Amino acid sequence: MYAERNQMWSKNGRYRFNVQNDGNMVVHDTKQLYHDGTTVKTIWNLIWASTTHSPGAFLKFSKDGNAYLLQPFEWESFQSDNLPGHYWQVSGSMSGSMSVIDPQSTQVDQAKFKRVNCTNGDAENTCSNQGLKCVSIESVEHPESFFRHKNYKIMLSAFDSNVESEEAFNDSASFCAHPGNADSNGVSFSSAMSQFKNHFIRHMNLELYLHEKDDSPLFNQDSTFHPNANDVSFADTLPRNNDQIVWESTAWTRGRGFYMVLGDDGKHGWYANNCERLIQPSL
């Protein structure tokens with residue numbers, strides 16, 4: 001048995017298992033028809049399908065041998081340029097901070113964010129006039145809550161009409177996304193408010209602030225972050241917290257040393273290490 005990209009072939013090259021773009025998992029018998037020793041036609045005969053439909057889904061195995069077909073949930077983590085391993089997160093006081101994230105803990109959700117388009121026309125113009133994209137940064141753990149600056153501190157909050165106008169909230173939660181100040185492969189965020197022109201999100205003493213850029217090497221590093229889309233370091237435990245399980249192999253495989261095989265006879269499933277038992281995929 002050998003694998004390539006999103007497909008797996010039996011050792012004799014006849015049977016193929018793959019996850020289609022529509023999220024359906026299938027096994028085909030690719031029988032070859034020959035004439036005078038030359039292949040004239042390949043017949044793709046479907047012999048098994050998961051009948052799942054979830055475009056973009058991918059198959060992944062947990063450490064206990066169970067297999068999951070997962071629909072990815074899009075998010076980003078933002079790692080410090082000069083504090084490797086330290087990511088944006090939301091502290092207990094709902095302020096923005098930097099912390100080392102343990103992939104096995106609930107801290108993971110605190111470090112997941114989504115960039116969404118600004119809804120403030122003035123902010124969009126401020127960014128677009130610089131050739132930049134205007135974004136707001138939403139917490140995955142706290143939907144509808146956004147990073148915004150208040151008294152030069154980066155805080156996470158949701159709009160509350162009893163506290164301020166929607167325009168004021170959107171102004172403070174709108175940022176222009178720049179190539180990183182210290183590394184163009186990263187990203188830096190400046191306020192989209194004209195009165196805070198050239199003020200960037202930066203970390204200081206492991207807290208996030210909005211400070212005016214001074215072009216010092218330290219400031220440029222403190223204000224540069226590296227986005228990691230669906231960072232694999234947060235995916236050691238499957239399924240990931242926000243991925244939706246579309247299909248699961250079977251609970252029987254858990255903790256029993258099973259591994260996936262596709263035999264030369266087209267049989268596929270999870271064999272025990274002693275190869276005495278086959279558990280076929282089931283819905």
Side-chain angles (χ1 to χ4, degrees), residues 74-91 93-101 107-108 110-140 145-157 168-234:
E74 298 303 325
W75 51 268
E76 292 178 294
S77 59
F78 292 91
Q79 183 174 196
S80 168
D81 180 72
N82 56 352
L83 288 176
H86 287 69
Y87 293 81
W88 282 6
Q89 74 161 53
V90 181
S91 69
S93 61
M94 305 305 284
S95 61
S97 62
M98 301 293 301
S99 179
V100 175
I101 302 298
Q107 283 182 299
V108 170
Q110 297 170 10
K112 294 178 180 178
F113 299 91
K114 293 189 295 181
R115 279 188 263 187
V116 299
N117 294 331
C118 292
T119 57
N120 184 312
D122 290 338
E124 286 184 286
N125 290 335
T126 298
C127 297
S128 62
N129 288 339
Q130 304 175 67
L132 304 171
K133 185 175 179 61
C134 184
V135 298
S136 292
I137 301 163
E138 182 181 8
S139 166
V140 168
S145 292
F146 298 84
F147 267 167
R148 51 92 57 93
H149 59 89
K150 188 173 185 180
N151 298 324
Y152 298 97
K153 188 83 172 66
I154 299 299
M155 308 292 296
L156 185 78
S157 61
F169 177 83
N170 288 340
D171 280 345
S172 65
S174 298
F175 300 91
C176 302
H178 303 247
N181 289 327
D183 180 354
S184 59
N185 292 317
V187 63
S188 295
F189 296 97
S190 68
S191 170
M193 296 178 66
S194 57
Q195 58 267 49
F196 290 98
K197 183 179 180 180
N198 214 33
H199 283 64
F200 285 79
I201 296 177
R202 60 92 57 96
H203 70 82
M204 186 172 67
N205 298 324
L206 299 181
E207 299 291 330
L208 296 180
Y209 296 90
L210 188 77
H211 284 173
E212 187 172 10
K213 186 179 181 183
D214 61 18
D215 279 328
S216 68
L218 178 61
F219 184 95
N220 288 339
Q221 289 181 326
D222 285 351
S223 60
T224 298
F225 306 94
H226 295 274
N228 301 297
N230 296 335
D231 191 343
V232 293
S233 69
F234 292 169

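This is a predicted model, so every value here is computed, not measured. FYI, the numbering just counts along the sequence from 1.
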ask   = Just by modelled atom types, is the E207 backbone N or O under 3.5 Å from a matching donor or acceptor in the N205 side chain?
value = no
key: D214 side, atom CG; R202 side, atom CZ - distance, nearest 0.5 Å   = 7.0 Å
message = Within this structure, what is the OG-CG distance for the pair S97 and L208, rounded to the nearest 0.5 Å?
response = 6.5 Å
ask   = Sulfur to sulfur, is the gap between C127 and C176 shorter than 2.5 Å?
value = yes
inquiry  = Quick check against the 3.5 Å criterion: does S139 have a side-chain atom that pairs as donor or acceptor with the backbone of S145?
reply    = no
query = Is there side-chain contact between L206 and L83, with at least one heavy-atom pair below 4.5 Å?
reply = yes
request  = Starting at CG of N117, measure out to CD of E124 and round the result to the nearest 0.5 Å.
outcome  = 7.5 Å
By side-chain hydrogen bond (donor to acceptor under 3.5 Å, both in side chains) - contacts of N151 (at least two apart) = none
request  = Mind running side chain to side chain contact (heavy atoms under 4.5 Å, CB included) on K213 and N220 for me, showing each step along the way?
outcome  = CA-CA 8 Å; K213 186 179 181 183; N220 288 339; 3.4 Å; yes
ask   = Under the 3.5 angstrom rule, does the side chain of T224 hit a backbone N or O of G186 as a donor-acceptor pair?
value = no
request  = Output the distance between atom CD (E76) and atom NZ (K112), rounded to the nearest 0.5 Å.
outcome  = 13.0 Å
key: Working for side chain to side chain contact (heavy atoms under 4.5 Å, CB included), residues T126 and K197   = CA-CA 9 Å; T126 298; K197 183 179 180 180; over 6 Å; no
remark   = What one should report as the nearest heavy-atom pair of S80 and M98 is CB-CE, 3.3 Å
inquiry  = Which heavy atom of V135 sits nearest to which heavy atom of C118, and what is that distance?
reply    = N-SG, 3.1 Å
ask   = Between P227 and F225, is any pair of side-chain heavy atoms under 4.5 Å apart?
value = no
inquiry  = Just so I know, are the side chains of I154 and W88 near enough to count as touching, which here means a heavy-atom distance under 4.5 Å?
reply    = no
inquiry  = Within the structure provided, determine whether M204 and H211 are in side-chain contact (heavy-atom separation under 4.5 Å).
reply    = yes
remark   = The complete set of disulfide (SG to SG under 2.5 Å) pairs with one or both residues in residues 179-217, sequence neighbours excluded, reads none
Validation row: V187, R115 side chains within 4.5 angstrom (heavy atoms) = yes
ask   = Nearest 0.5 Å, what's the SG-CG distance between C134 and D122?
value = 10.0 Å
inquiry  = Has S223 got a side-chain atom pairing as donor or acceptor with F200's backbone, closer than 3.5 angstrom?
reply    = no
message = Looking at every non-hydrogen atom in both residues, tell me the closest pair between K153 and S95 and how far apart they are.
response = NZ-CB, 3.5 Å
message = Restricting to non-hydrogen atoms, name the atom on S99 and the atom on Q89 that form the minimum distance, rounded to 0.1 Å.
response = CB-OE1, 3.2 Å
message = Once you measure the plane-to-plane angle for F196 and H149, does it fall in the parallel (<30°), tilted (30-60°) or perpendicular (>60°) bin?
response = perpendicular
Contact check, side chains of N82 and L218, non-hydrogen atoms, under 4.5 Å = yes
CD-CG distance between E138 and L156, expressed to the nearest 0.5 angstrom = 9.0 Å
request  = Please tell me if the side chains of H178 and Q130 come closer than 4.5 Å, counting only heavy atoms from C-beta onward.
outcome  = yes
request  = Applying side-chain hydrogen bond (donor to acceptor under 3.5 Å, both in side chains), name anything that partners E212, two or more places apart in sequence or on another chain.
outcome  = none
key: Closest contact, heavy atoms only, F169 versus R148   = CD1-NH1, 3.7 Å
Ring centroid separation F147 to F113 under 6.0 Å = yes
remark   = Closest heavy-atom pair, H226 versus D81, reported as atoms and distance to 0.1 Å, is NE2-OD1, 2.8 Å
